[in-house]
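Labels below follow one simple rule: chain letters A, B, ... track the order of the sequence lines, proteins then strands, and each chain is numbered from 1.
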2 protein chains.
Amino acid sequence: MAQNTAPTLEDVALRTGVSTATISRCLNSPDRVSEKTRVRILEAVKELGYTPNFNAKALAAKRTNTVGAVIPTMSNAIFALGLQAFQETLTENGITLLVASSSFEREAEATQIRALVAKGADALLLIGDERDQETYDFLQSREIPYVISWNYRAHKNHTFVGFNNRKAAYLIAKQVLNLGHKKIGMISGVLSNNDRAFDRVQGVKDAMAEFSMIDSDFICQEASYNFDDAGHALDTILESNIKPTAIICGNDVLAIGAITRAKALGLNIPDDISITGFDDIEISSIFTPPITTVSVPHTTMGRKAAETLLEMMHSDDRNLSLELETSIINRGSLSAPRNGR
Amino acid sequence: MAQNTAPTLEDVALRTGVSTATISRCLNSPDRVSEKTRVRILEAVKELGYTPNFNAKALAAKRTNTVGAVIPTMSNAIFALGLQAFQETLTENGITLLVASSSFEREAEATQIRALVAKGADALLLIGDERDQETYDFLQSREIPYVISWNYRAHKNHTFVGFNNRKAAYLIAKQVLNLGHKKIGMISGVLSNNDRAFDRVQGVKDAMAEFSMIDSDFICQEASYNFDDAGHALDTILESNIKPTAIICGNDVLAIGAITRAKALGLNIPDDISITGFDDIEISSIFTPPITTVSVPHTTMGRKAAETLLEMMHSDDRNLSLELETSIINRGSLSAPRNGR
DNA sequence: TATCATTATGTAAGCGCTTGCATTCTTATA
DNA sequence: TATAAGAATGCAAGCGCTTACATAATGATA
């Protein structure tokens, strides 16, 4: 029974006695075909187990109803959530999402972008705006609309749908400083090829400048996205001669790692040291202590990014940037400096 | 400068004065073309910014060097890890991974499988073996090799590369029973369309049978993959008249949710109640209390699944099933029953 | 230098679909 | 019943590539 080769439009045509053109129409815009033939065609399609060949379709039609997304990594809850909403919104509109990951590497990202375009992606979702001009030129020459998400920057070159990392970091840092902390430590995510992480550091620096703080009041350590690395970063910070009373972390995973390490060192949080996070992942609210962090509208962002992209695919309006708001969630890990420190 | 249409092989041909066939060869098997022309061609390719059209390529070559994977959900660290390894192994072999998600829905999964095949996936990675025969028939008629992962079942119909969920659950349940627990609660993941969750429940039942325990010694509640739901499941279990002294959870997220709820109820773990997990996600070791759980070889599984698939794409040996081992990680959340209960 | 095996390139026929244009049916209208 | 408008269908030309097969160029050998 098994026919080792997929049935084609032609096979369906032969079996129904109509032309391939009619079948194509029947499948793509059913109302352009008479009911009688439609029924007959659909029957044959089912019997043969016919599935349209996507590649042939894309080649002939010059569009794919496919949108591509290049994200830094799949194994990060942060992207998963936003992407989920992005995907759902696309699906509702009959569009398929193709996801590729860049491992935070510039070169790999450029390659993936080209690969997605080669596969016929009609539009793209990109994370952050930090990439070679060459890549942007390529996108422009191919007339591929794209939305930049997970960050918002105040310039008009691109369409952003995201939140302002710099501003959000500035706000939480300001809160820390308002509580009276004079020496600040920061554990940042890896900065290379990551404008979100970079902007979060900048935001903290903005707040420090506002409080007239100087370099020797601040120490910043990079750590990769896992608990252990954050712990080591905390060690380094504590060993320095800055002696910060508060540690601002670039994300919640780093905050959890830092808190865990601090607890292991016998430090009480927030009495001995305050630690803040960023992202508000699910675990942050039930961790001990619960983490004061920045809540980010992932779902909204994903949905809005999709909607914006959809709009760009139809009109070619490029002034659709959208800045989303973040908010600070106060839980237990931040307080005024205590214990005489 | 921007040409709104992508350059084609023909454009490169025109510019270099050789035929499209030579260019195709130059790009796909460089050594079949003389050095002189190769250099000239690559130059033109670069100047024009030529990128091969993937769809045309797939159509003409009847293969895509693409492997598809249909996973239940993207937003689950468990799949992310294995998939990462799977992807890396494929990439090393020049193969691209296409991921689709089914949201744990049978119908959606069947659709995604067809879509992936329609896109030309040369082979497939599937999670668990629970799907309609129709889908398997389809795969067979199209001669698409596939590997079933994240579970291992002892029958020969399919190629499995995974661990035996039933056996692993049996082993941890046995350990719980050996400690002297007489009444057992279980918080399982949602069972519908999830053979892994199902087998974990079966494994626990296997152990209970071995200890001659009866229905009234056991209560099982389903909960979806989040902390709150697990907490509610725990409430239900505690309100029942079984009064278990140990709760076996179908995965670590449920265990964390249950522990959090238990702590909120003023229960001490493991003194008042023991709670075990499954999967050994990163947070489990640093949570309070650290969670006794089952360690699963995600990375190895992903890599082996890829290697197996690669082999199936070359030979058509179908007896490549591979059972991977799990191990129990003893941390603080499980002890013998105490406090007089 | 003639001969033959290699190597390099060209020719052209598809791959399975969509779609503009042409043709044939229907059906309503006069 | 003749006629025109509109609906349904068919024809056939691609879409951008790969790949038999054919041909031309290059060397090695005698």
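- Where B:Arg32 and B:Asn53 meet DNA chain D, the nucleotide closest to each residue was compared, and B:Asn53 sits on the side nearer the 5' end.
- To the nearest angstrom, P of D:dA7 lies 11 Å from CG of A:Asp31.
- As rounded to whole Å, 19 Å separates atom P of C:dG16 from atom NZ of B:Lys119.
- Figure legend: cation-pi geometry between A:Arg153 and A:Phe160 absent, as NZ or CZ is not positioned both under 6.0 Å from the six-membered ring centre and within 45° of its axis.
- Between B:Leu59 and B:Arg25, the residue anchored nearer the 5' end of DNA chain C, judged by the nucleotide with its closest heavy atom, is B:Arg25.
- Closest to the A:Ala60 side chain, of the nucleotides C:dC17, C:dC15, D:dC11, is C:dC17.
- Summarising the geometry, the separation between CG on A:Leu9 and P on C:dC17 is reported as 4 Å, rounded to the nearest angstrom.
- With respect to the salt-bridge test (charged N to carboxylate O, under 4.0 angstrom), the residues A:Arg15 and A:Glu47 qualify.
- Across all strands, B:Arg63 comes closer than 4.0 Å only to sugar-phosphate atoms, never to a base (heavy-atom distances).
- Each of A:Lys36 and A:Ile23 was assigned the nucleotide of DNA chain C with the nearest heavy atom; the assignment lying further toward the 5' end belongs to A:Ile23.
- A:Ala21 comes within 4.0 angstrom of a base, heavy atoms only.
- In this structure, CZ of B:Phe54 is placed 16 Å from P of C:dC17, rounded to the nearest angstrom.
- A close approach under 4.0 Å does occur between a side-chain nitrogen or oxygen of A:Asn28 and OP1 or OP2 of C:dT18.
- Proximity of A:Ser34 to the phosphate of D:dA8: no side-chain N or O atom is located under 4.0 Å from OP1 or OP2.
- Using a 4.0 Å cut-off between charged side-chain N and carboxylate O, A:Glu109 and A:Arg106 make no salt bridge.
- Here the C1' atom of nucleotide C:dG10 and the CD1 atom of B:Ile41 are 12 Å apart, to the nearest Å.
- Distances shorter than 4.0 Å separate none of the side-chain N or O atoms of A:Thr20 from OP1 or OP2 on C:dC17.
- Taking atom CG of residue A:Leu27 and atom P of nucleotide C:dT19, one finds them 13 Å apart after rounding to whole Å.
- Closest approach to the A:Thr8 side chain among C:dC17, C:dT9, D:dT19 is made by C:dC17 (side chain taken as heavy atoms from C-beta onward).
- Contacts of A:Gly17 with the nucleic acid, taken as non-hydrogen atoms under 4.0 Å apart, involve only primed sugar atoms and P, OP1 or OP2.
- B:Thr37 has no side-chain polar atom (N or O) that falls below the 4.0 Å cut-off from OP1 or OP2 of C:dA8.
- At a threshold of 4.0 angstrom between heavy atoms, the contacts of A:Ser24 include nucleobase atoms, whether or not backbone atoms are also involved.
- Residue-level contact check: B:Ser19 touches the bases, meaning some heavy atom is under 4.0 Å from a base atom.
- Atoms CD (B:Glu10) and C1' (C:dG10) sit 14 Å apart, rounded to a whole Å.
- Residue-level contact check: A:Tyr50 touches the backbone only, with heavy atoms under 4.0 Å from sugar-phosphate atoms and none from bases.
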Residue pair A:Trp150, A:Phe163: steps toward the ring-ring contact (aromatic ring centres under 6.0 Å, His included) verdict: CA-CA 6 Å; A:Trp150 262 268; A:Phe163 55 94; 8.2 Å; no
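- Checking each of A:Thr64, A:Asn28, A:Asn65 against A:Lys57 for a side-chain hydrogen bond (donor to acceptor under 3.5 Å, both in side chains) leaves exactly one that passes, namely A:Asn28.
- Cation-pi geometry between A:Arg303 and A:Phe86 is not satisfied (NZ or CZ under 6.0 Å from the ring centre, within 45° of the ring normal).
- In this structure, of D:dT18, C:dG16, C:dT19, it is D:dT18 that holds the atom nearest to the side chain of B:Ala61.
- Among the protein residues, B:Asn55 comes within range of no part of the nucleic acid, since none of its heavy atoms lies under 4.0 Å from any strand.
- Between B:Lys62 atom NZ and C:dA13 atom P there is a gap of 17 Å when expressed in whole angstrom units.
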